[in-house]
**Student:** 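Structure in structure tokens, see below.
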Amino acid sequence: MLLPVDKPAYDAASAVVMDTLRAVPGAVVEVLGWDEAFVGVHGDDPEAVAQRIRADVLAATDLHCSVGIGDTKVRAKIATEFGKPRGTFRLTRETWFEVMGERPTKDLWGVGPRISQRLAALGVTTVRDLATAEDGLLATEFGPQTGPWLGDLGRGESSSTVDDTPWVPRAHGRETTYQQDLEPEQVDDAVRVLAAQVVGDIRAEGRACARVHLKVRFAPFFTVNRSRKLPEPTWEAAVIARTASDLYRALGDDRPVRLLGVRAEMVPPEGGYEPPRTHGRRGMP
DNA sequence: TCTGGGGTCCTAGGACCC
DNA sequence: TCTGGGGTCCTAGGACCC
């Protein structure tokens, strides 16, 4: 049983937390999600700053948090895990291998089950193995960007620059898992519902839809994604719905549908997006 | 593991053009 | 006519995170 999420309440609580962080003297705040942020601070007593942050957040919201201190964003992020619950942990170049060296690569931020499995196939199972693996080997297996980035991850190396430029969303989507599988004839209607929700989201954003993505999970639990760039950007739910329906029909698969998703990739903002300063997922150095 | 929802980014292949 | 290389766009798919 899952409970519905009260998004407005979470948004409000998150805003209070972030404002509390921004009130820390000299702090630069890079928001990572509802409940997580990098706080960039210069100074010689990071533990004191961490203490203050936890006290201020508790006072403002009644919420406890943990703080990771690090000399890179990767180390700070991972340190947070060791700080939980309700504590502080410091992880630096000096202590990295002592703390992380013998741990599985899966414990790294950005290494999931799949990559850790592929690494294991190369004989790389621990963080130390990854740190000392040859770039060439990693690049061959994971590509010229991802390979070397993984090596850096193994060493805890990453940028330490905290960037408070507000995040500009790329897309908004809605998806639903149906309590009862849909028959093909029901898909058009369902897609219209999702398209209408998506248009509400992009209207709030003030940017039109340039590309439509359709996600279909069939009852046997396999999923396909299809997308199509529109001839011209649109605000019309009907255009988005029709495009999604076309993509569905083009699959030529009439098995029952468990999930449908419609996503609108938006026109880039005036001046385009920030030049990528990260590799990998959002917020990842 | 038994699977909800909202996101991002990377890689690779084919089409197309110069 | 044939061949080759490089760049860009589009799309599919994979992987990861909160």
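Every chain is numbered from 1 and lettered A, B, ... according to where its sequence line falls, protein lines coming before strand lines.
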**Student:** Distance check needed: C/dG14 C1' versus A/N225 CG, whole Å only.
**Tutor:**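 To the nearest whole Å, that distance equals 10 Å.
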**Student:** Would you indicate which nucleotide in C/dC10, B/dG4, B/dT8 comes nearest to any side-chain atom of A/R217?
**Tutor:**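 Of the candidates, B/dG4 comes closest.
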**Student:** Rounding to an integer number of Å, can you tell me how far A/F222 CZ sits from B/dC2 C1'?
**Tutor:**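 Spelled out: CZ on A/F222 to C1' on B/dC2 is 17 Å.
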**Student:** Say you pick atom C1' in C/dG4 and the same atom in B/dC17; how far apart are they, in whole Å?
**Tutor:**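 Comparing C1' positions in C/dG4 and B/dC17 gives a spacing of 14 Å.
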**Student:** Assess, by modelled atom type and distance only, whether the side chains of A/T234 and A/E236 contain a donor and an acceptor separated by less than 3.5 Å.
**Tutor:**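 No, no side-chain donor-acceptor pair sits under 3.5 Å.
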**Student:** Flag yes if more than 12 heavy atoms outside A/Q180 fall under 6.0 Å of its CD atom; otherwise flag no.
**Tutor:**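 No, not enclosed.
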**Student:** What is the distance, to the nearest angstrom, from the CG atom on A/D6 to the P atom on B/dG5?
**Tutor:**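 From A/D6 CG to B/dG5 P: 17 Å.
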**Student:** Without decimals, in angstroms, what is the distance between A/E205 CD and B/dG7 P?
**Tutor:**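 Spelled out: CD on A/E205 to P on B/dG7 is 9 Å.
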**Student:** Between C/dC18, C/dA15, B/dC10, which one does the side chain of A/Q145 approach most closely?
**Tutor:**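 Within the option list, the nearest is B/dC10.
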**Student:** Got a sec, which pairs hit salt bridge (charged side-chain N to carboxylate O under 4.0 Å, His left out) with one end in residues 137-154 of chain A, sequence neighbours left out?
**Tutor:**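 Sorted pair list: A/R118-A/E141, A/D152-A/R155.
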**Student:** Over all strands shown, is A/L108 touching base, sugar-phosphate only, or nothing at heavy-atom distances under 4.0 angstrom?
**Tutor:**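 Contact class for A/L108: sugar-phosphate only.
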**Student:** Using the side-chain heavy atoms of A/R226, tell me which of these nucleotides is nearest: C/dG13, B/dT8, C/dT11.
**Tutor:**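 Nearest to the side-chain atoms of A/R226, counting from C-beta on, is C/dG13.
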**Student:** Which of the following nucleotides, B/dT3, C/dC18, C/dA15, is nearest to the side chain of A/R258?
**Tutor:**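 For A/R258, the side-chain atoms sit closest to B/dT3.
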**Student:** A/E175 has a side chain; which of B/dG5, B/dC9, C/dC16 sits nearest to it?
**Tutor:**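 Nearest nucleotide to the side chain: B/dG5.
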**Student:** Can you confirm whether A/R103 sits close enough to A/R128 that some side-chain heavy atom of one is under 4.5 Å from a side-chain heavy atom of the other?
**Tutor:**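 Side-chain contact under 4.5 Å: no.
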**Student:** Does A/V111 reach a base, just sugar-phosphate, or nothing at all? Heavy atoms under 4.0 Å.
**Tutor:**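 Sugar-phosphate contact only - A/V111 comes under 4.0 Å of backbone atoms but never of a base.
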**Student:** Round to a whole Å and report the spacing from CZ of A/R114 to P of B/dT1.
**Tutor:**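 About 18 Å, once rounded to whole Å.
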**Student:** Please state whether the phosphate of C/dT8, meaning OP1 or OP2, lies under 4.0 angstrom from any side-chain nitrogen or oxygen of A/K229.
**Tutor:**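 No, A/K229 has no side-chain N/O under 4.0 Å of OP1/OP2 on C/dT8.
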**Student:** Rounding to a whole Å, what distance do you find between A/W34:CH2 and B/dG6:C1'?
**Tutor:**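 Nearest whole value for this atom pair: 9 Å.
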**Student:** Check whether any side-chain nitrogen or oxygen of A/R263 sits under 4.0 Å from OP1 or OP2 of B/dG7, and answer yes or no.
**Tutor:**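 Checking B/dG7 against A/R263, a side-chain N or O does come within under 4.0 Å of OP1 or OP2.
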**Student:** Side chain of A/R118: nearest nucleotide among C/dA15, C/dT11, B/dG7?
**Tutor:**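 Nearest nucleotide to the side chain: C/dA15.
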**Student:** Using whole Å, what does the distance between atom C1' of nucleotide B/dG7 and atom CD of A/E265 come to?
**Tutor:**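 Atom-to-atom, A/E265 to B/dG7, this comes out as 12 Å.
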**Student:** In which ranges does DNA chain B form stems of 3 or more consecutive Watson-Crick or G-U pairs, distances under 3.5 Å?
**Tutor:**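 As far as DNA chain B goes, consecutive pairing (with distances under 3.5 Å) yields the stems B:5-18 with C:5-18.
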**Student:** Categorize A/K106 for me: base, sugar-phosphate, or nothing, with a 4.0 angstrom heavy-atom threshold over every strand shown.
**Tutor:**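 Nothing, no heavy atom under 4.0 Å.
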**Student:** Consider the side chain of A/R170, meaning its heavy atoms from C-beta on, and name the nucleotide among C/dA15, B/dG6, B/dT8 that approaches it most closely.
**Tutor:**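 That would be B/dT8.
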**Student:** May I have the step-by-step check of salt bridge (charged side-chain N to carboxylate O under 4.0 Å, His left out) for A/K7 and A/D11, ending in yes or no?
**Tutor:** CA-CA 6 Å; A/K7 184 171 184 297; A/D11 281 342; 3.0 Å; yes
**Student:** Where each residue is assigned the nucleotide of DNA chain B containing its nearest heavy atom, which of A/R174 and A/G143 is assigned the position nearer the 5′ end?
**Tutor:**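 The answer here is A/R174.
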**Student:** So which nucleotide from B/dG4, B/dG7, C/dA15 ends up closest to the side chain of A/T177?
**Tutor:**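 Side chain of A/T177 sits closest to B/dG4.
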**Student:** What do the steps show when you test A/K73 against A/E30 for salt bridge (charged side-chain N to carboxylate O under 4.0 Å, His left out), and what is the final call?
**Tutor:** CA-CA 11 Å; A/K73 285 159 113 180; A/E30 180 176 332; 3.1 Å; yes
**Student:** Measure the shortest side-chain to side-chain distance between A/F82 and A/T80 over non-hydrogen atoms and say whether it is less than 4.5 angstrom.
**Tutor:**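 No, their side chains stay 4.5 Å or more apart.
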**Student:** Can you tell me if A/H172 touches the phosphate of B/dG6, counting only side-chain N or O atoms and a distance under 4.0 Å to OP1 or OP2?
**Tutor:**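 The answer is no; no side-chain N or O of A/H172 sits under 4.0 Å from OP1 or OP2.
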**Student:** Are A/D188 and A/R192 close enough, and set up right, to give a salt bridge (charged side-chain N to carboxylate O under 4.0 Å, His left out), and what steps lead you there?
**Tutor:** CA-CA 6 Å; A/D188 280 358; A/R192 272 192 286 271; 5.2 Å; no
**Student:** Within this structure, what is the NZ-to-P distance between A/K215 and B/dT3, rounded to whole angstrom?
**Tutor:**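 After rounding, the reported distance stands at 15 Å.
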**Student:** Could you check which of C/dA12, C/dC10, C/dC18 has an atom nearest any side-chain atom of A/S227?
**Tutor:**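 Selected nucleotide: C/dA12.
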**Student:** Please pick, from C/dC16, C/dT11, C/dC18, the nucleotide with the shortest atom-to-atom distance to any side-chain atom of A/I115.
**Tutor:**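 Between C/dC16, C/dT11, C/dC18, the one nearest the side chain of A/I115 would be C/dC16.
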**Student:** Would you indicate, yes or no, if B/dT11 has its OP1 or OP2 atom less than 4.0 angstrom from a side-chain nitrogen or oxygen of A/T146?
**Tutor:**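 Result: yes.
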**Student:** Determine the minimum heavy-atom distance between A/W109 and A/I78, stating which atoms define it.
**Tutor:**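 That would be N-CD1, 4.1 Å.
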